[in-house]
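One structure is given below, encoded as structure tokens.
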4 protein chains.
Amino acid sequence: MQLGMIGLGRMGSNMVRRLLRNGHRCTVFDHSTQAVGALVEEGATGASSPAELAAKLERPRAIWLMVPAAVVDQAIAELLPHLADGDTLIDGGNSYYVDDLRRAKELAAKNIGYVDVGTSGGIWGLERGYCMMIGGPLEAVQRLDPIFRTLAPGAGSIERTPGREAGRGTAEDGYLRCGENGAGHFVKMVHNGIEYGMMAAYAEGMGILKAANIGKARHDIDAETTPLRDPGHYQYDFDLPDIAEVWRRGSVIASWLLDLTATALVEDPALSGFSGRVSDSGEGRWTLKAAIDEAVPAPVLTAALFERFSSRGEADFQNKLLSAMRFQFGGHVEKSGGH
Amino acid sequence: MQLGMIGLGRMGSNMVRRLLRNGHRCTVFDHSTQAVGALVEEGATGASSPAELAAKLERPRAIWLMVPAAVVDQAIAELLPHLADGDTLIDGGNSYYVDDLRRAKELAAKNIGYVDVGTSGGIWGLERGYCMMIGGPLEAVQRLDPIFRTLAPGAGSIERTPGREAGRGTAEDGYLRCGENGAGHFVKMVHNGIEYGMMAAYAEGMGILKAANIGKARHDIDAETTPLRDPGHYQYDFDLPDIAEVWRRGSVIASWLLDLTATALVEDPALSGFSGRVSDSGEGRWTLKAAIDEAVPAPVLTAALFERFSSRGEADFQNKLLSAMRFQFGGHVEKSGGH
Amino acid sequence: MQLGMIGLGRMGSNMVRRLLRNGHRCTVFDHSTQAVGALVEEGATGASSPAELAAKLERPRAIWLMVPAAVVDQAIAELLPHLADGDTLIDGGNSYYVDDLRRAKELAAKNIGYVDVGTSGGIWGLERGYCMMIGGPLEAVQRLDPIFRTLAPGAGSIERTPGREAGRGTAEDGYLRCGENGAGHFVKMVHNGIEYGMMAAYAEGMGILKAANIGKARHDIDAETTPLRDPGHYQYDFDLPDIAEVWRRGSVIASWLLDLTATALVEDPALSGFSGRVSDSGEGRWTLKAAIDEAVPAPVLTAALFERFSSRGEADFQNKLLSAMRFQFGGHVEKSGGH
Amino acid sequence: MQLGMIGLGRMGSNMVRRLLRNGHRCTVFDHSTQAVGALVEEGATGASSPAELAAKLERPRAIWLMVPAAVVDQAIAELLPHLADGDTLIDGGNSYYVDDLRRAKELAAKNIGYVDVGTSGGIWGLERGYCMMIGGPLEAVQRLDPIFRTLAPGAGSIERTPGREAGRGTAEDGYLRCGENGAGHFVKMVHNGIEYGMMAAYAEGMGILKAANIGKARHDIDAETTPLRDPGHYQYDFDLPDIAEVWRRGSVIASWLLDLTATALVEDPALSGFSGRVSDSGEGRWTLKAAIDEAVPAPVLTAALFERFSSRGEADFQNKLLSAMRFQFGGHVEKSGGH
């Protein structure tokens, strides 16, 4: 079917490619004319403005927004004057589901449908397909089924879950209407919260393995330093790429994130190209706000988020205060390094 | 080759089966004659005591122990009088690597080799193969290579890690000598620590999804209860089996643990067969002790362990103290339920 | 001066008493006529409705609301028709500062002043005075100074902070205008977040002391139970009331909360009157939402909040899922008790 | 009475001073002759070696060691040849209680008594007295009572805990025999664990207050940055010294650590003299190991310890791995700064 796509970054461009390769027609717009041009060469129809994009689409239009969460409202505002009764907007980015609730209501008042889609798969989605978590009115979602079916990975070679009856909905194909509006981004939000937790679990474990040779180092002997009681217990120089690799093979912790970890460690076991300032893009924060509102304890997901904050120096002031207190009660002077 | 196996629980029995099916000869012992008998029917040689097991094996013997961590020392003590120069013991259970260091030293003094093997794969290993993390002298490990190769999953259909050169050791086949003695159980220990973290990440996320309909519930209005500001934000009745399923398909958090989660939720979405008292078998604790000794922050792995402790009521006294303090300063009386 | 008080619970009633005893005139209202009557006997003027309360106060009125956060808006709505230009409302409860921002704006449009006051001191405030954190327009706050000065503890016998210049504002007297509207409740919110963290620190520590005799208990030997390696290290039967007491005397962790802990433990060392379901009244949650928005890591404050959630059974589903996963991969069956 | 003191750092020297001022006789040794000389001027007897110190003391000797945990064994070994039947050693430093168990046993075999004392009070102890948690044989502890009584703060002006009967032991005077050997350092260990938690609670809270003006800053708009939804909620420039001050006056979180926090903030509200590398000296780590062995959840105390590790850069590798994973799945490139 025909789809308009606004926002041709890493994700948007590849989704268009996957659609084009499977016979759909796409009209595309981005502020980068280069991004538009690249897709035109691959068969898309280009547009130089939201207005032009709308004009080039048959009604009822289906327009997918793939832009940063912070500019979705602006993108909708630019597009709205050019839309008509019965058109549908799809927000496939990483929006906060609370915004979906508001937008769906505002657009419904103008007879414009709204579907929120949480999209996972990253830069690999072009090849593997995108896992999609969808929220919105049943009818609107069903009308878009050909798009979702193409973007999704399909059942592929992944085995059926034991006990699951065949043909029970679309989840096995990698896309799912999770509920009314907001449900798609809610589920995607929690998905990312889990992702943070899993990533941190691997990272902490690898950190423990890497430091397992600490018994070979010299330690200061003073009142500011905890002595290492048993240096003989920490004499291991582990080969992290090999360990990540062996875990991929039959272990309980095998996963796609572990596959990626193995790749990263093969490329550079010291990860020297990274400084360790870890960004977060919102979903982890929103997941915690939901956990707090629901009174559901989520210590693992929270710890993972706070590690990211700390990695960016956000704990500096409180750390200074800890040192200041130690100085006040014990005359402790900060040490410049070491364990 | 020929192997003795002591300990025929879930893990030990299936490892023997996998070895027998692939042409190895196994002599087996367990305090349960039933467990021995079952394997004799499948081609193993039975033994009614450690002594008999030792007597039935050609020298140099290779004997694999697959018993709870708490009884490994006892099992070795029973076996030791019947061993001879050049024999090798393999501890394939979930021992603490610090015990490996001691045992290896004690056994080396008697010219008996010791190899520690962390084994992952659970009840699925018979079919999928076991991921093995191995520690011990190079020569002893190499002599056992036919056993490891058979127990391991092999490269199978899992793709090679991009950038990894072909034929670089055995990690791709699902077993790896990680270093000298203790290294196998150290890596397995951290593996399980990561496992706890991942499991908790999924569990917390699912918990947040399950409670996403909390806006439909009534809330008390009093000074002891936090009002839910926006009940409209929590009106979702999510289908957890479907969500676990869709995440298996192309999402960033796809993993074998997620596959199992999907299976469990298909069997019973309410998980009513479980009370929620979650055991821990040591590795999570030891992982944290290592993190502490190494001064490596591991908040996610720790949170996961403490959640298990709490699930078993281990926080009851401290919770009572919190209520007691609240009563002291604010006259707050405990409520009997609700959010 | 003259003050109206609406809400005569534990806090409101005692604040009125403290004001009456120091020469202020109070007109009071509560839905409980008993609460009103009790204060009338002590010299207050009673009112049977918000309207009557307003009618009995001279203009410009100052009316203090001391009601649960969930009903502040309703209380204001009932009062509003009876207020006039130049009156001032004070919200002294545990409101969310975000509501202050909205209310202040709405009331300012009607020429009614709004002051938000976070009040700490609990049931002890009548005797010790209340620590007050205040937000609002400078002029309105200054007009209320006689009230604040009376409610506050005053400098008393607490020593001046070394280096602090004498007469630098009112903080030394136990009340402080922290900034514009919302600032009072913001600071009180963080105060309570810290309180949760401190309480949890004591509670966890006491929990560790209480379990220090665990080496005397028998432990199961099976694959579901971590063996206690050194029972000899855990043979202590500590006297918790004595330990809390000694810490009050010259230790680094002496505090008012510790004083209360000592009292609670003297009353009943086993705390058998409490079930351990710990409430939270909102500020801890809001503190974390602020931390998340600000990207400030707050793992301690968060852990303290989540412990409270867990104490109320809010982790049950996720714990069941952990047990379900363990059953899936390892055939582990839940144990019914023990460590 | 007469006491030998070995180790004249911040703590040891001031303890000698407090003893001398109250009529006790002290013989002192330290590797720093300057430290010895200073105390000789104040009335102590100096010694130039452990041997000389032992020779100058009447039998049965009582010798207090106040040295870093890492050198206690060495100090005992140097002293041992010069001791005799019936002498008593006191370890007043921050030793691991597990070492006390071993030392007590070894020394008992030589008829030398051993008493472990956890000492709190820091550089303020000279003036305020030291809170002491004591482990060891009842008789040995009782013989040392005059020393403990002098070093301790005494009941002073701190009110009796309501409900506590008068004259119930020494806890009210600030010292307590907590149990057999190891009990003193066990209780001190947990005391410091609690201290870490309390310090972190204040530090995190202050961090949240400090960042409460984040709404005034500009934020990037891109897929790597979480938008701040409500900048209007974060417009507060709080005066941290004033807030710490007001909390000292009648609030629930008043404490001695808060007094010190107020002092530190008065000296420099920006804490610019500190880099934020926070040391830990062992007790926090040991507290967690005890919690783990006991299966007592201690998430707050753990979070506090891990924050210190992170403040020293110990999470760098794991943070790099997180960035590497994000790059692998999403092509995310690290940002150089910002929130």
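To find a chain, count down the sequence lines: A is the first, B the second, and so on, and within it residues start at 1.
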Proximal component of D:Leu176, with respect to chain C [non-hydrogen, under 4.5 Å]: both
Which atoms of C:Met133 approach chain D - backbone, side chain, both or neither, heavy atom under 4.5 Å: side chain
Chain C contact via D:Glu195 - which portion, at a heavy-atom distance below 4.5 Å: both
Atom group of D:Tyr202 that falls short of 4.5 Å from chain C, counting heavy atoms: both
Portion of D:Arg164 that has a non-hydrogen atom of chain C nearer than 4.5 angstrom: both
Whether over 12 other heavy atoms sit under 6.0 Å from D:Lys105 NZ: no
Proximity breakdown for C:Ile243 and chain D, heavy-atom pairs closer than 4.5 Å: both
Plane angle bin for D:Phe186 and C:Phe238 - parallel if under 30°, tilted between 30 and 60°, otherwise perpendicular: tilted
Heavy-atom proximity to chain C below 4.5 Å, by part of D:Val296: side chain
Under 3.5 Å donor-acceptor, D:Arg249 side chain and C:Gly129 backbone: no
Contact class of C:Tyr175 relative to chain D, heavy atoms under 4.5 angstrom: backbone
Side chain / backbone / both / neither for D:Val300 at chain C, heavy atoms under 4.5 Å: both
Residue selection (most heavy-atom pairs with chain D, distance under 4.5 Å) from C:Val252, C:Val266, C:Leu260: C:Val252
Largest heavy-atom contact set with chain C, pairs under 4.5 Å, which of D:Met199, D:Glu159, D:Met206: D:Glu159
Contacting region of C:Glu307 [heavy-atom separation from chain D under 4.5 Å]: side chain
Best-contacting candidate, D:Ala211, D:Ala303, D:Gly169, D:Gly215, against chain C by heavy atom pairs under 4.5 angstrom: D:Ala211
Leading residue by heavy atom contact count with chain D [cutoff under 4.5 Å; candidates C:Ser157, C:Ala304, C:Ser255]: C:Ser255
Contact origin within C:Asn181 toward chain D - heavy atom pairs under 4.5 Å: backbone
Donor-acceptor pair, side chain of D:Glu204 and main chain of C:Leu301, under 3.5 angstrom: yes
C:Trp247 vs D:Val187, side-chain contact (heavy atoms from CB on, under 4.5 Å): CA-CA, chis, key distance, verdict: CA-CA 10 Å; C:Trp247 286 346; D:Val187 175; 3.7 Å; yes
Heavy-atom proximity to chain C below 4.5 Å, by part of D:Ala244: neither
Residue, of D:Gly179, D:Ala203, D:Pro153, that accumulates the most heavy atom pairs under 4.5 Å with chain C: D:Pro153
Distance, nearest 0.5 Å, that separates CD of D:Glu245 from OG1 of C:Thr161: 3.5 Å
Closest heavy-atom pair and its distance - D:Glu294, C:Ile208: OE1-O, 2.9 Å
D:Cys131 to C:Ser251 - nearest heavy-atom pair and separation: CB-N, 3.5 Å
Region of C:Ile158 that comes under 4.5 Å of a non-hydrogen atom in chain D: both
D:Asn213 portion near chain C, given a 4.5 angstrom heavy-atom threshold: neither
Heavy-atom contact with chain C under 4.5 Å, split by part of D:Glu165: neither
Which of C:Leu258, C:Asp230, C:Leu101, C:Asp259 touches chain D most, by non-hydrogen pairs under 4.5 Å: C:Leu101
Chain D interface, residue from C:Gly135, C:Gly121, C:Gly122, C:Pro162 that has the most non-hydrogen pairs under 4.5 Å: C:Pro162
Residue D:Pro299 versus chain C: region with a heavy atom under 4.5 Å: both
C:Val246, part contacting chain D, at a heavy-atom distance under 4.5 Å: both
Contact winner vs chain D - C:Gly232, C:Gly163, C:Gly182, heavy-atom pairs under 4.5 Å: C:Gly182
Option that, when pairs with chain C are counted at under 4.5 Å, heavy atom only, ranks first among D:Met132, D:His191, D:Met198: D:His191
Residue part contacting chain C, namely of D:Arg248, when any heavy atom lies under 4.5 Å: both
Top contributor to chain C interface from D:Gly197, D:Gly205, D:Ala291, D:Gly250 [non-hydrogen pairs under 4.5 Å]: D:Gly250
Pairs of heavy atoms under 4.5 Å with chain D: top-ranked of C:Ala212, C:Ala200, C:Ala262: C:Ala212
Side-chain heavy-atom pair C:Arg168, D:Asp242 within 4.5 angstrom cut-off: yes
Proximity breakdown for D:Ala152 and chain C, heavy-atom pairs closer than 4.5 Å: neither
Region of D:Arg160 in contact with chain C, defined by heavy-atom distances below 4.5 Å: backbone
Toward chain C, the part of D:Asp293 with a non-hydrogen atom under 4.5 Å: both
